[in-house]
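One structure is given here, and the rest of the page talks about it.
Worth knowing before you read on, the calculation uses all heavy atoms, side chains too, and leaves out hydrogens, waters and symmetry mates. Remember, predicted model here, so these are calculated numbers, not experimental data.
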Amino acid sequence: PTASRSACSTARPTFRSSDFARYREVNAKFADAVVDEARTDAPIVLVQDYHFALLPRMIRERLPNATVVAFWHIPWPNPEAFSICPWRAELLDGLLGSSILGFHTQFHCNNFMDTVDRLLEARVDRETFEVNVAGHATAVRRYPISIAWPPEPLAKQHSVGEARAQVDVDTAAFAAG
């Protein structure tokens, strides 16, 4: 018999300085594009996903009055897992350039807050879910993105049990009748 492999396996990631240098360069190019496209000193800028973790801070440095809303589409790991990244402080600082930082679930918000609390010098307010670093506040919020379920027309319908009970009443009334 052969040994079966687990469907879930883990491997320690490989961190290369050259990869992160390129990541930083790409984020800087996007920051340049945002500044070039801004038609006001207080634009609203939406930043999507892990490709641009450094971008909010880069925008904030050049457009301090901007409203920067970032959304992180993948689960945020616990502090222990995130702490193995050699650029953890830079990534966190980049994200904390956001005005609002969104995650799919409250669990991911909690992990992010725990990570900042353990790894950075910051004021972490768990009542308001805000992080303050160097006089700048970032609101950390949960924004589940999915379809609303059940859809409104289905939400107004009776459950199967309620429908059966109604049929039983109607049938009994018809038989009596």
Side-chain angles (χ1 to χ4, degrees), residues 9-148:
S9 63
T10 60
R12 186 165 177 85
T14 302
F15 297 105
R16 290 185 292 265
S17 296
S18 59
D19 291 343
F20 195 72
R22 179 56 111 184
Y23 181 81
R24 193 180 294 118
E25 289 171 17
V26 169
N27 275 251
K29 284 183 185 249
F30 274 86
D32 292 342
V34 168
V35 171
D36 290 346
E37 291 291 322
R39 300 294 175 250
T40 173
D41 69 339
I44 298 171
V45 182
L46 305 177
V47 176
Q48 294 289 319
D49 222 353
Y50 61 91
H51 308 91
F52 300 114
L54 304 178
L55 187 55
R57 177 66 64 205
M58 291 175 171
I59 293 168
R60 172 91 36 232
E61 288 171 351
R62 296 173 63 189
L63 295 168
N65 296 319
T67 299
V68 181
V69 181
F71 191 84
W72 193 263
H73 286 273
I74 60 175
W76 189 268
N78 64 42
E80 292 78 17
F82 188 77
S83 69
I84 68 169
C85 177
W87 305 284
R88 59 191 169 268
E90 190 171 353
L91 293 169
L92 290 171
D93 182 65
L95 288 168
L96 291 171
S98 304
S99 307
I100 301 170
L101 176 58
F103 294 94
H104 283 288
T105 69
Q106 188 61 50
F107 184 72
H108 301 154
C109 292
N110 294 346
N111 276 351
F112 181 80
M113 299 288 280
D114 290 345
T115 301
V116 170
D117 199 25
R118 288 195 193 169
L119 300 178
L120 293 183
E121 287 292 324
R123 196 175 108 240
V124 175
D125 188 329
R126 293 180 189 277
E127 286 184 30
T128 62
F129 266 80
E130 286 189 353
V131 176
N132 284 277
V133 177
H136 172 74
T138 300
V140 178
R141 298 288 184 268
R142 174 183 62 91
Y143 297 107
I145 60 170
S146 183
I147 59 169

* Taking Ser99 for its side chain and Val69 for its backbone only, find out whether a donor-acceptor pair lies under 3.5 Å. => no

* Quick one: list whatever passes side chain to side chain contact (heavy atoms under 4.5 Å, CB included) with Arg16, sequence neighbours left out. => Thr14, Ser18, Asp19

* Would Asp114 and Glu80 satisfy side chain to side chain contact (heavy atoms under 4.5 Å, CB included), going step by step from the backbone distance to the final call? -> CA-CA 10 Å; Asp114 290 345; Glu80 292 78 17; over 6 Å; no

* Asked: Could you go step by step and tell me if Trp72 and His104 meet the side chain to side chain contact (heavy atoms under 4.5 Å, CB included) rule?
  -> CA-CA 8 Å; Trp72 193 263; His104 283 288; over 6 Å; no

* Structure fact -> Shortest non-hydrogen pair, Arg141 vs Thr128, comes out as NH1-O, 3.1 Å

* Asked: Partners of Glu25 by side chain to side chain contact (heavy atoms under 4.5 Å, CB included), sequence neighbours excluded?
  -> Arg22

* To do: Measure the spacing between CZ of Arg24 and CE of Met58 and express it to the nearest 0.5 Å.
  => 7.0 Å

* **Inter-residue atom distance Leu101.CG - Leu96.CG, 0.5 Å rounding** => 7.0 Å

* Drop me the distance from Tyr143's OH to Cys109's SG, to the nearest 0.5 angstrom. => 9.0 Å

* Under the ring-ring contact (aromatic ring centres under 6.0 Å, His included) rule, what pairs show up with a residue in residues 109-130, not counting sequence neighbours? -> Trp76-Phe112, Phe103-Phe112

* What's the spacing between Ile59 CD1 and Ser98 OG if we round to 0.5 Å? -> 8.5 Å

* To do: Apply side chain to side chain contact (heavy atoms under 4.5 Å, CB included) to Arg62 and list each qualifying residue two or more places apart in sequence or on a separate chain.
  => Ala31, Asp32, Val35

* Structure fact -> Minimal heavy-atom distance between Glu130 and Ala137, with the atoms involved, is OE1-CB, 4.1 Å

* Backbone of Tyr23 reached by a side-chain donor or acceptor of Asn27 within 3.5 Å -> yes

* Given side chains that start at C-beta, do those of Ile84 and Pro13 come closer than 4.5 Å, heavy atoms only? -> yes

* Structure fact -> In short, Leu95 meets Pro56 closest at the heavy-atom pair O-CB, 4.2 Å

* To do: Might you work through the side chain to side chain contact (heavy atoms under 4.5 Å, CB included) test for Leu91 and Leu54, ending with a clear yes or no?
  => CA-CA 6 Å; Leu91 293 169; Leu54 304 178; 4.0 Å; yes

* So how far is it from Phe82 CZ to Asn111 CG, rounded to the nearest 0.5 Å? -> 11.5 Å

* How about Asp125 and Asn132: do any of their side-chain heavy atoms sit closer than 4.5 Å? -> no

* To do: For residues 36-57, pull every pair meeting ring-ring contact (aromatic ring centres under 6.0 Å, His included), keeping only residues two or more places apart or in separate chains.
  => Phe30-Phe52

* Distance from Asp93 atom CG to Arg60 atom CZ, nearest 0.5 Å? -> 11.5 Å

* **Residue Phe107 excluded, over 12 heavy atoms near CZ under 6.0 Å** => no

* To do: Take Thr115 and Leu92, measure what side chain to side chain contact (heavy atoms under 4.5 Å, CB included) needs, and give me the verdict at the end.
  => CA-CA 9 Å; Thr115 301; Leu92 290 171; 4.0 Å; yes

* Asked: Looking at residues at least two apart in the chain, or sitting in another chain, which of them share a side chain to side chain contact (heavy atoms under 4.5 Å, CB included) with Asn65?
  -> Asp41, Ala42

* Minimum heavy-atom distance between Gly97 and Val68, given as atom pair plus value -> O-CB, 4.3 Å

* Asked: Got a donor-acceptor contact below 3.5 angstrom from the Arg39 side chain to the Glu37 backbone?
  -> yes

